S.K.: 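Structure in structure tokens, see below.
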Amino acid sequence: MWSVVKAILSYLRPYKLLFVLFLLLFGLDLIFVSIAPLSFNFLIDYAVTPKNMELFMLIIGTILLLGIVCTIAGIFADRLLSRLNALVEQDLRHRLFSKLQQLHISYYQGKRTGDSVALFSSDIPAISSTMSALLSTGIQSVVVVIISMSVLLYLEWSMALVIIAGASLIFVGPMLMSKRANQSYESYKAHKAQLNSEVTENVKAQKIIKSFNLQQVMLQRFQDRTKQLFVSSYKLNLVNAALGRIPMISLLFVNLAIMTFGSYLALIERITIGELIAFYTMYMSMGNSVYSLTFIIPSLTDAKVSMERLQAAFQAASEYEHDHKKEATADALSGQQSGKVAEPFNIQYDRVSFGYEPDKPVLDNIQLTIPYGANVAFVGSSGSGKSSMIQLLLGLYQPQEGSLLINGSSLNQSNIASYRERLAVVFQDNFMFQGTIRENLAMSKLDATDEEIKLAAKQAEIHDYIMSLPQGYNTIVEDEGSNFSGGQRQRLAIARALVRKPQLLVLDEATSALDPATESALNATIKKLAKERTIVSVTHRLATVDDADLICVFHQGKIVEQGKHGELLDKQGQYHYLWEKQTGFTLSEEGDDVQIDAARLSKLTFFKQVSDEVLEDISMLFNTEKFEQGSTIIQEGDRGEKFYILIRGKVEVLKDMTDEHGQVRQQPIAVLEDGDHFGEIALLQNVPRTATIKTITSCVVISLQRKLLQHMLSKHPEINDYVRKVLLERLG
Ligand SMILES: Nc1ncnc2c1ncn2[C@@H]1O[C@H](COP(=O)(O)OP(=O)(O)OP(=O)(O)O)[C@@H](O)[C@H]1O
């Protein structure tokens, strides 16, 4: 309890003057409430019993006057309290929001959205309402109790001692229950935050829920969560009821004791009737105050738990704890404070090793220099560490070994804010904020002119589309950009990055969601822009980076090859393999029609020895199919009749596995990208699929039906035998 009072006093520290004023006015109000019952003593013993009208009028007049003055003071005290409360609430919100901006990215990865939202929606209000109760009912009750006790002691010390003994009993119960009460509040708040997350996630995922017909599954999940909340809410209610009930029972006993003892004292004429009535009235007023105090006890526990939750967020690690000490490096990086033009920066990964968890390295001893103005591409298989290189470059994570050097200074020791001001990034999934298109594009440069915004939108191939909208650049971006297609969102994100005219442009699979025509137009723009800045891009589509100054090929956290496109092809290594896999297809501009070359088909083991002539015919049998993100192309257990080649996009290979509770869950076992193929056994026979294939991004695939292939090969028995033999070997 004291910890809550101490914390509240610390929140009030910036408003000392207001607080003192409030205490003065509130004190006046309280004095009247506490002393008024005493007037009965005077009224009865000195005016009513001796029938003294003059004194009677004087006492009544004084009470009335005091009452008016003190009530006015009370009204002003109420106003001050409302102000203090709102100010403290506002401070906490600002402090928390500002801390959330500084927290390390790993804080968010370990939390669900609802946890952070609950800090604002339930914890701060809990603290605020407890503060309000403490400063009004709390102070009032304590003051009334102290004054009443002093007067009671004066009136009849023996009765007052009985009251003190009884009153202390009232607080014993809640004190003994405080640990249990704490646990109940913690569990209730955690479950409530979980439920908030569930609802937030559900609202955001409605598209996928409806397309996968997951309503029933979601309802079940929600019911499980509400059951958990029900249990913790029920336990909390029980604790709260006990916290209220125990003091009431104690109070009942004290009442009985006072009534008996007081009447006895009047009976033996140790006190007058007036004193007895005054004593009772005062005791009743004190009893009410004590009773009100007991109501604050649960809310104190509530606030204590909320304060601990806030404290955990306040104490969580920030991105860069000592940014203010980095002014010197800031100057070197931005050149803003010294008034010099910012020095172009070279980037160096100096023997960098990194893992999200200490014992699971993701990057291993990376040595790489990116000179200013270079156009560098990171390519390689999925999960090889390309995006992690970007996370380090953005300063979201720090290397465990080695350092990331910017112009020779470790980024870790530099002013990250001024560094980030000079870069812009486009991810595969880009968040759009509430507001208009113009506001979203200007987000990266708040003082951008309309001309700058339009130029960036033109460069990102989205200006014409924006102009075709009735509201143009004033069109409202709805719920994270849901009123735009994936490709349009991507182009808006690219425009947003270009508005900043960054010295370093980071592209993490930035053009992968676009159709081939837009992708190649945008890549042409990016190539033009590359002349004035450093570009670091991650892609799995090699054709988009074939003219990069440096291509780094990643495999299992290491750079296994690096050089220019031609040099890497000559090496006949990993890059050559990836290149061969991704070439041999011709896509229409919209990406909805794909032709595959006979030469590309001959690279599939089961078509290796098939003549070019037959392969030409087979290539005509392929059909182009498009899948939205999150679609299932193949379902494990279904009978398959098609073979697929992935032309653009990313899919996940999932296998049903039984967990320790006997529940079947889908486990990801691989990620396939441009040029990969799957489902070839279906060309042989109608066997159940051995895995599920789900799209991670929107995908373009070509498929070949077994019946069509078999019909074609029936005209070439010797080829048919060969294809069947190889596929049977694959089947094992
Ligand atoms: N936030 C994270 N926490 C824990 N592990 C992570 C996190 N992000 C990535 N990883 C793991 O780090 C490894 C490298 O991932 P990274 O995203 O860098 O690879 P990538 O080459 O960019 O893959 P992709 O092409 O599929 O995006 C993977 O094993 C991945 O599971």
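Below, all heavy atoms of this structure are taken into account, side chains as well, without hydrogens, waters or symmetry copies. Every value quoted in this text rests on a predicted model; they were computed, and no experiment measured them. Order of listing sets the numbers, starting from 1, for every ligand and every atom in it.
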S.K.: Indicate whether any N or O donor in one side chain lies under 3.5 Å from an N or O acceptor in the other, for Tyr356 and Ser388.
M.R.: yes
S.K.: Residue-level breakdown please: for Met389 versus ligand 1, do any non-hydrogen atoms fall below 4.0 Å on the side chain, on the backbone, on both, or on neither?
M.R.: neither
S.K.: Look at atom 4 (C) of ligand 1 and say whether a protein heavy atom is found at less than 4.0 angstrom from it.
M.R.: yes
S.K.: Looking only at distances, can you tell me whether any N or O atom of Glu509, backbone or side chain, sits closer than 3.5 Å to an N or O atom of ligand 1?
M.R.: no
S.K.: Around atom NZ of Lys650, are there more than 12 heavy atoms of other residues, nucleotides or ligands at under 6.0 Å?
M.R.: yes
S.K.: Against ligand 1, does Lys650 come closer than 4.0 Å with any heavy atom?
M.R.: yes
S.K.: Can you tell which of Ile105, Leu396, Val362 gets a heavy atom nearest to atom 12 (O) of ligand 1?
M.R.: Val362
S.K.: Phe606 vs His677 aromatic rings, parallel, tilted or perpendicular, using cut-offs 30° and 60°?
M.R.: perpendicular
S.K.: Nearest to atom 26 (O) of ligand 1, what protein heavy atom do you find, and at what distance?
M.R.: Ser382 OG, 2.6 Å
S.K.: Would you mind finding which of Gly383, Ser106, Pro668, Ser388 brings a heavy atom closest to atom 28 (C) of ligand 1?
M.R.: Gly383
S.K.: Would you say the side chains of Gln206 and Asn202 form a donor-acceptor pair under 3.5 Å?
M.R.: yes
S.K.: Who gets closest to atom 7 (C) of ligand 1 by heavy atom: Phe354, Tyr356, Phe554, Tyr108?
M.R.: Tyr356
S.K.: Are there more than 12 heavy atoms of other residues, nucleotides or ligands under 6.0 Å from atom OH of Tyr372?
M.R.: yes
S.K.: Give me the nearest non-hydrogen protein atom to atom 25 (O) of ligand 1 as residue plus atom name, then the distance to 0.1 Å.
M.R.: Lys386 NZ, 2.9 Å
S.K.: Is there at least one protein heavy-atom neighbour under 4.0 Å from atom 31 (O) of ligand 1?
M.R.: no
S.K.: Nearest to atom 1 (N) of ligand 1, what protein heavy atom do you find, and at what distance?
M.R.: Gln109 OE1, 3.3 Å
